[in-house]
Amino acid sequence: MPPTDKSEATDIAQSGRSAANRPNGDRQSDDRYEAQRIEAKWSQRWQSDPQLYAAEPHSANKKYYVLEMLPYPSGALHMGHVRNYSIGDALARYMWMNRYNVLHPMGWDSFGLPAENAAIQNNTPPRQWTLGNIAKMKAQMKRLGFAYDWSREVTTCFPEYYRWNQWFFLKLYEKGLAYRKKSKVNWCPQCATVLANEQVLPNGCCWRHEDTPVEQRELEQWFLRITNYADELLRDLEKLPGWPEKVVTMQRNWIGRSEGALVEFKLDYSQPHHGFGPAGASIKVFTTRIDTIYGATSIQLAPEHPIVNDLAAGNPALRAKVDQLIAEQRRAKEKGDIGEIEKHGVPTGRNAINPFNGEKIPIWVANYILMDYGTGAIMSVPAHDDRDYDFAKKYKLEIRLVILPLTEGEETMAEPVLPFTAHDGMTINSGPFSGLSSAEAIKKMTEHAEKGGFGKATVTYRLKDWGISRQRYWGTPIPMLYCEKDGIVAVPEKDLPVILPENIEITLAGGSPLGRVPAFVNVTCPKCGGPVRRETDTMDTFVDSSWYFYRYTDAHNDRAPFDSKIVQYWFPIDQYIGGVEHAILHLIYSRFWTKFMRDMGLVSNDEPVERLFTQGMVIKDGAKMSKSLGNIVSPDEMVARYGADAARLYSLFAAPPDRDLDWQDSGIEGIQRFLGRVYRFVFRNAPRNSEPEKTASVEYTFDKKELSPSARAIQRKLHQTIRRVTDDFQGRWHFNTCISAIMELVNVLYASEDAISQGAVPRAFLIEVQRDLVLLLAPFAPYLAHELWEMLGQKEALLKAPWPKFDPELAKEEELEIPVQINGKLRGKVVVPAGATEELVIERALANEKVRSATASKQIIKKIYVPGKLLNLVVK
RNA sequence: GCCGGGAUGGCGAAAUUGGCAGACGCAGCGGACUUAAAAUCCGCAGGGGCCAAAAGCCCUGUGGGGGUUCGAUUCCCCCUCCCGGCACCA
């Protein structure tokens, strides 16, 4: 069996690489970069100083609040977290080095369904499971070296925190901003709970169970009136120039403001009928195009419109058809392509009266009309609306032209191709309103409707009130009571917090687990002293994350959610960093909460976040990391193999932070090599013990202007690098190119090693260069930076050391290579001194052999010189 | 369908204001060191052609087509594909 030999040889070769077999480990100059050793050493030192990253309560420096979105404690960090926190940590460290008073906290969004699901699966209480996960993830964060002020840690599932959720709820209730209503709600059978509208995926499925279609149920729910702030939430988007345009646009569309008019169409009672609403009943229609009302040839109702029930009562054929339309609509919603639904409708046999001309038009029920937008009813104007046109064609309804396009030569107005939907036309066939521009017609016709008492100008929003009730255990109990005598009673402030009971049985069965805890449910009414039932629903966890960042500023306050004065100092958040998946829900709720707190007088800022940065996803092999695809990269494994610095640096290097990052294990190896190169260079060139006086000195002991060419090359590259890295921190944040720049600097240092060994580079200068190199690296690879800082004999704390200053004089090139183009094509290059005149460049270019051969026998008709960049000769 | 973001070597990417396309890194190839390998250090490297080969030279190239310009990855128009968001929104 010959293969035996081979495998033994392999074993030996492999074991030769392990630390145990290294020759004694005492080679006097072991210049290997050992991330684990270095990181263990500094990790220990950092953890022994809890004040290390603490923000100062009173500081002469300017404040800077940098925040990364707090994680849900699922049990382990993933690469997306590492990327998110590496960005934030780099910024925090950079700001410290720029003498800011930095607030950089971290916490846990620790209420939520996964804890309950885990409880059911593993029979572990949610609290225990959650706290265990927090401990694990906190250890991971510390191992990764993130500079958080842990003294401000916020854990949302602790009563110290959620009591303030309850307190805010009482305030919202007092102000009429929290209300209860019975309504159709999204019900996820898998979660056995209600979802906010915003938590339903476009395909009609639950956001946590992407394959489970959301059903509709009627339940009594608590809602927050976010719509009261719809207009301000929209308007203030203009105050957010530091937000990505993308996110602003998404929020604008989400709020979905549209201006129009409500118009009432009375039911026609002159015809024989059976089964309908009260006499005089009317159908309210919302339209943004009241100028087309003379072209309305039918009314279309959503199949779930209340009046449809009246009209269908005693009309089984209609009822059956309507039920079919409801089913079609639901199916389309669940499939997520309501926009593609094949339009169906059914005439009710009844008419409505157009209040503008008294015309009787038929009432239909149609599957493309949604009950939850506007009034659930439209006037159908086939000539001027795409959908109405399709529908009218299909069912052969009348199509009546009432808007003409404006043509340039005033008089001739051609018949437009239908449907004609442009907003800048002119009315015809519109009675007294004919001959007006659309804009004028809208104004006059709305006024007319208001005077006549059958309509009014209205603004509608797509945004809906925020349903916060959840029939779940692991959340903030809603502090309300139901008394037979006194009705709905708020828990008095002094009785807060309403503590979430522990040691209770959790099952997937519907209804709230809290309802099965009699000691929790049955209490005494604070008003009448009689028996009351406690509300058993808990709050949506988005309540927790809507204001948590305020709590960080005053995390241990037990008399208030926070001290307003402290908040005033720290807010708004200077930089918030997180995934774009939170662009709508979390970020719109947070904005709403801030505005509500401002109206309460608790805070003075209108918006919580000054600048927002949304990072791209971390993907692997072109797909999102997921268990089912088996392409998950574990941060623990990366840290164990390559070290925290390498993992962090690679997550910043592989792509610009705002773009998706395709993780490649081979890429991180290159980063590890680079860190080793830095380590070895400093190891070789750091001051020896025999030259201690230079180690502490920050003074140049050499003449900046008299450096040798090779030293000057280093100096130039250094200052170019400082400029590039510093510029990117000012907002562009392309840390991938910052790191490239630092690599280039290190490459220049390596290329200079001959000159260094020949003494052509002054020692003091070289130490100064290494010092700056380490400072440049510090935001991205803190462990190695600290190790080298110490190796360089620096006594000052690294984060207290000032960020290196860029000197434009020193960054300047002495000579420039100017490309010479002939007719836009590169034909040669000339070298000139920096700042050379155009004449000199042209002179040299014309002397250039390649240029001469390319221009021979041709005439130069134009010379374009871009100073310092390029020369283009146009020839014929 | 609408809104937003993309598409650049074998791969991740760079080019910040319209000015040398491919910096930096990965993978690859060659060399040095080594008995050998690993590690390390140095070098080559978009594609094609002329050439035995090299040097050198030429052509071509940033999803496709057109335009503006002395000059376009960058600006304009049209198209294709990918990602994200939204949607009979009246």
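Naming convention: chains lettered A, B, ... in sequence-line order (proteins, then strands); numbering from 1 in each chain.
- Across all strands shown, G256(A) has no heavy atoms under 4.0 Å from either base or sugar-phosphate atoms.
- Heavy-atom distances to RNA chain B give each of K862(A) and G376(A) a nearest nucleotide, and the one nearer the 5′ end belongs to K862(A).
- Within 4.0 Å of E245(A), counting heavy atoms only, lies no atom of the nucleic acid at all.
- Residue contacts for F653(A): at a heavy-atom cut-off of 4.0 Å it reaches a base atom on one of the strands shown.
- Using a 4.5 Å heavy-atom cutoff, the side chains of E813(A) and Q720(A) are in contact.
- Comparing the same atom, P, in U74(B) and in C20(B) gives a spacing of 13 Å after rounding to whole Å.
- With both ends at atom P, the span from U35(B) to G56(B) equals 36 Å, rounded to whole Å.
- Comparing the C1' positions of G9(B) and G47(B) gives an interatomic distance of 9 Å, to the nearest angstrom.
- When Watson-Crick and G-U wobble pairs are counted only if both distances are under 3.5 Å, U80(B) pairs with A7(B).
- Annotated as syn: G9(B), whose glycosidic dihedral is within 90° of 0.
- As judged by a 4.0 angstrom heavy-atom cut-off over every strand, V866(A) is placed among the base-contacting residues.
- The residue R252(A) sits apart from the nucleic acid: no heavy atom pair falls under 4.0 Å.
- Rounded to an integer number of Å, the gap from CZ of R684(A) to C1' of U40(B) is 9 Å.
- Taking atom P on both A87(B) and G22(B), the two are 45 Å apart, rounded to the nearest angstrom.
- Looking at R724(A), Q730(A), R732(A) one by one, the single match for side-chain hydrogen bond (donor to acceptor under 3.5 Å, both in side chains) with D728(A) turns out to be R732(A).
- Within 4.0 Å (heavy atoms only), N872(A) reaches at least one base atom of the nucleic acid.
- At the heavy-atom level, N747(A) lies under 4.0 Å from the strands shown only through sugar-phosphate atoms.
- Ion pairing between D385(A) and R289(A) fails under the 4.0 Å rule for side-chain N and carboxylate O.
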